[in-house]
Amino acid sequence: MGNENRQVIPLARTRAAKPGPGNLKKTTKRIKLEGRDRQGNRVHSVLKATIIQPEGLPIRKQDDGGFPDGPDLPVSHVEDSDEIRELVRGKDVLVNPPYDLRTLALLKDNSTELGQNIRTMVTNTAGFGWTLRELPMAEETRRKFEKEISAERLRLSAMLRTVHPRLSLTMLRKQAQEDRHSTGNGYLELISNPRGDLVGINHAHAHSVRLTRRDALPTKVSVPRVRPDLGFMLEDVDFYYRFRRFVQVRNSFSSTGSGTVGRKAVWFKEAGDPRQMDWRTGSYADPGVTIPMRYRATEMIHFKIYNPVTPYGVPVWIGNLFSLFGSRAAEEINYNTLSRNNVPSMFVIVENGALTESSLERLQEFVEAQISTAQNYSKFILLEGESLEEGSPNPESFRIKVEPLTNIQKDDQLFQAYDANNRDKVRQSFRLPPLFVGRAEAYNRATADTSRDIADEQVFAPERSDDDHLINRFILARWGARFHQFRSNHPNITDDIELIRMMTFAEKSGGMTPRRADRIVRDIFGDDIGPLPDGIDLDRPFSLQFAEAQASGRASGGAGGARSPGDISKDVVSGLVDLRKSVEAEIDARALMAHRDVDLLDTPN
């Protein structure tokens with residue numbers, strides 16, 4: 001009896017209907033009932049219910065590919081509708097991505113959990129900036145090449161800080177890393193001048209780039225290598241490598257500046273490819289032929305998350321794709337439930353009679369005008385009715401009752417446990433502790449420090465190392481770096497109190513030299529202590545130089561035009577004092593931040 005009037009809605013995505021008049025419908029249901037009266041006689045009756053409700057929400061089924069269709073999660077089939085393949089001649093050379101890259105790039109905008117996990121990875125891998133670190137070498141070697149080391153550091157720092165007319169290298173790397181963790185692929189374009197010198201870096205949007213198959217034949221390429229055992233001399237090592245090409249679709253602009261005139265395919269060669277290539281066709285220049293500079297293709301560094309079955313990268317969260325879809329569907333159902341009041345707030349029951357047509361119309365108008373909005377708590381409606389039987393001897397039996405259903409209405413969101421499990425699945429695919437995505441209710445100082453240490457050791461540090469290798473290989477090597485390596489800065493996860501104790505003990509025992517202090521400040525704090533005054537030996541302990549300078553100042557005096565040893569010793573003492581103050585100020589700041597973190601973590605919610 002009940003199944004014939006039950007509406008079964010299949011599992012599908014829903015979209016909120018626009019509230020307002022015209023979205024409500026009136027439906028009359030009749031159900032045949034059979035019962036017995038007090039005397040045991042069978043009684044047949046008809047239950048008639050008039051339901052006033054919003055128009056049916058547009059329920060959409062999933063397509064055969066398992067991706068919910070709709071503008072918020074677009075789907076394209078690469079073989080049939082990929083714009084890049086339509087613009088590229090010789091489509092057989094392109095490799096199809098395993099997933100629609102544009103869909104992957106947009107998923108973080110349609111998820112309550114994916115975005116903050118991606119931003120956490122970006123911040124902790126590329127967001128803390130970078131530094132140049134000297135290669136390990138003996139003290140004698142460092143003194144021998146001290147001028148060359150200083151000059152190279154200044155040169156590389158200046159070049160890394162001016163790789164783009166508007167953006168910093170850190171901003172470019174963050175953009176590439178966001179693409180990498182969204183789609184599995186990130187790209188940086190390397191721009192060279194007519195002499196072949198690397199002069200600029202730019203970011204390329206990952207969802208618009210496609211890869212070709214590798215060349216059939218390998219190409220000889222020379223890789224520069226530093227030989228510390230031969231006085232840090234650069235030597236070239238020859239390899240044979242099969243390169244691939246990249247193609248991207250861009251807007252084509254009119255030469256008169258009137259606007260875009262269409263779309264065009266732009267070709268790039270893989271970073272390290274020594275051959276010249278035409279960006280218009282993707283063809284390499286024949287031997288002895290020089291391509292004009294304005295048509296030469298630039299190079300592309302591909303940052304990808306390795307997958308063994310495709311040359312494209314695949315994001316680490318791809319296994320939780322349906323968890324993302326399920327959470328999105330749950331959010332939409334919650335929104336529809338709360339905004340449209342899917343559970344009726346009341347029953348209007350008519351006994352021994354029927355509502356007049358004017359009452360039904362008045363009730364429907366009231367629902368359309370008031371129930372669909374939030375301003376409905378102090379409203380009332382006047383209903384009129386009449387008995388079904390004219391001249392009924394018992395007209396008092398006709399009644400209209402209003403039964404409220406607010407006790408069974410949903411006053412909180414649905415699927416909370418399901419959504420919480422999906423959030424954990426997505427976060428665990430990145431191997432992140434809950435602390436990094438804002439859930440720190442169960443943390444104290446000890447557990448927070450442990451989570452930070454483990455996450456940096458197991459997740460962020462290996463990611464930074466992989467990215468640094470590509471930058472050293474394709475950028476610093478092009479600039480002839482001999483004594484330095486590019487290194488991404490990391491967050492300060494050291495115990496600041498223990499660091500203070502260690503540096504204090506080392507300074508008092510004569511083990512803290514200016515050079516060591518500079519290394520600690522640079523490695524831990526991401527900055528150096530700046531230029532030092534003349535006369536300070538970088539490899540002699542603070543305490544020893546300070547004592548000698550004070551003794552020299554007491555034993556010597558000066559007068560006249562030339563500077564006396566006493567004046568020079570005063571400058572040295574002043575420089576050492578300033579140096580010590582700068583180190584202690586940075587340590588005190590870190591200690592204050594550590595105590596502040598303790599107060600915040602130990603404060604109950």
Side-chain angles (χ1 to χ4, degrees), residues 128-163 168-170 197-201 224-235 464 468-469 471-490 503 506-507 511-546 548-549 563 568-569 571-587:
F128 290 96
W130 52 270
T131 187
L132 292 173
R133 186 173 185 179
E134 293 180 12
L135 295 175
M137 63 183 72
E139 293 297 332
E140 295 181 359
T141 305
R142 181 178 289 105
R143 293 180 181 180
K144 177 181 178 181
F145 294 104
E146 186 170 358
K147 292 183 179 180
E148 290 88 342
I149 293 173
S150 178
E152 181 181 275
R153 182 179 182 84
L154 294 175
R155 176 175 63 88
L156 295 177
S157 297
M159 298 173 76
L160 288 171
R161 288 187 172 93
T162 55
V163 295
S168 67
L169 178 59
T170 298
D197 300 329
L198 177 62
V199 295
I201 301 174
R225 180 171 63 184
V226 178
R227 293 289 302 272
D229 57 327
L230 298 179
F232 287 85
M233 180 184 68
L234 286 174
E235 67 175 8
R464 290 193 296 264
D468 293 350
H469 167 75
I471 292 179
N472 284 311
R473 168 66 183 84
F474 295 114
I475 297 179
L476 262 67
R478 290 272 299 272
W479 288 338
R482 296 169 55 197
F483 306 102
H484 293 87
Q485 284 186 335
F486 180 93
R487 182 178 178 184
S488 299
N489 288 335
H490 55 79
M503 294 189 71
E507 196 274 333
M512 182 59 63
T513 66
R515 192 184 301 277
R516 288 172 182 167
D518 181 70
R519 287 181 187 171
I520 293 174
V521 172
R522 187 183 305 163
D523 293 343
I524 303 300
F525 306 138
D527 198 2
D528 53 34
I529 58 180
L532 301 178
D534 296 335
I536 295 181
D537 190 342
L538 297 179
D539 300 308
R540 298 187 67 194
F542 278 115
S543 302
L544 181 59
Q545 294 188 72
F546 191 79
E548 290 178 350
R563 299 189 67 200
I568 297 176
S569 66
D571 291 343
V572 174
V573 170
S574 177
L576 288 170
V577 171
D578 293 341
L579 178 62
R580 177 184 293 177
K581 288 181 178 179
S582 65
V583 175
E584 291 177 347
E586 188 66 36
I587 293 175

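In this text, all values refer to a predicted model and were calculated from it rather than measured experimentally.
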Exercise. Do side-chain atoms of Arg482 reach the backbone of Gly231 as a donor and acceptor pair under 3.5 angstrom?
Worked result: yes
For this session: Can you measure from NE2 (His484) to CZ (Arg155) and round to the nearest 0.5 angstrom?
Result: 10.0 Å
For this session: Decide yes or no on side chain to side chain contact (heavy atoms under 4.5 Å, CB included) for Asp468 and Phe486, but give the supporting numbers first.
Result: CA-CA 6 Å; Asp468 293 350; Phe486 180 93; 3.6 Å; yes
Exercise. Among side-chain atoms of Asn489 and Thr131, is any donor-acceptor pair under 3.5 angstrom?
Worked result: no
Exercise. Any ion pair linking Arg142 and Glu139 (charged N to carboxylate O, less than 4.0 Å)?
Worked result: yes
Problem set entry | Distance (rounded to the nearest 0.5 Å) between Leu198 CG and Met159 CE | 7.0 Å
For this session: Check Gly480 against Glu152 and note the closest heavy-atom contact, atom names and distance.
Result: O-OE1, 3.8 Å
For this session: Please name all residues satisfying side-chain contact (heavy atoms from CB on, under 4.5 Å) with Asp197, sequence neighbours left out, ordered by chain then number.
Result: Asn193, Arg195
Seminar exercise, completed: Minimal heavy-atom distance between Ala481 and Leu156, with the atoms involved, is CB-CD1, 3.8 Å
Exercise. In Å, rounded to the nearest 0.5 Å, how long is the span from CZ of Arg478 to CZ of Arg473?
Worked result: 9.5 Å
Problem set entry | Working for side chain to side chain contact (heavy atoms under 4.5 Å, CB included), residues Leu160 and Leu132 | CA-CA 10 Å; Leu160 288 171; Leu132 292 173; 3.9 Å; yes
Problem set entry | Close side-chain approach of Arg161 and Trp130, heavy atoms under 4.5 Å | yes
Exercise. Which value, rounded to the nearest 0.5 Å, describes the distance between Arg225 atom CZ and Met233 atom CE?
Worked result: 10.0 Å
Exercise. With no hydrogens and no angle check, is any side-chain donor or acceptor of Ser150 less than 3.5 Å from a backbone partner on Glu146?
Worked result: no
For this session: Over 60° means perpendicular and under 30° means parallel, so classify the ring planes of Phe145 and Phe232, tilted if in between.
Result: perpendicular
Exercise. Out of curiosity, Thr162 OG1 to Ile201 CD1, how far, rounded to the nearest 0.5 Å?
Worked result: 9.5 Å
Problem set entry | Euclidean distance, Gln485 CD relative to His469 NE2, rounded to 0.5 Å | 10.5 Å
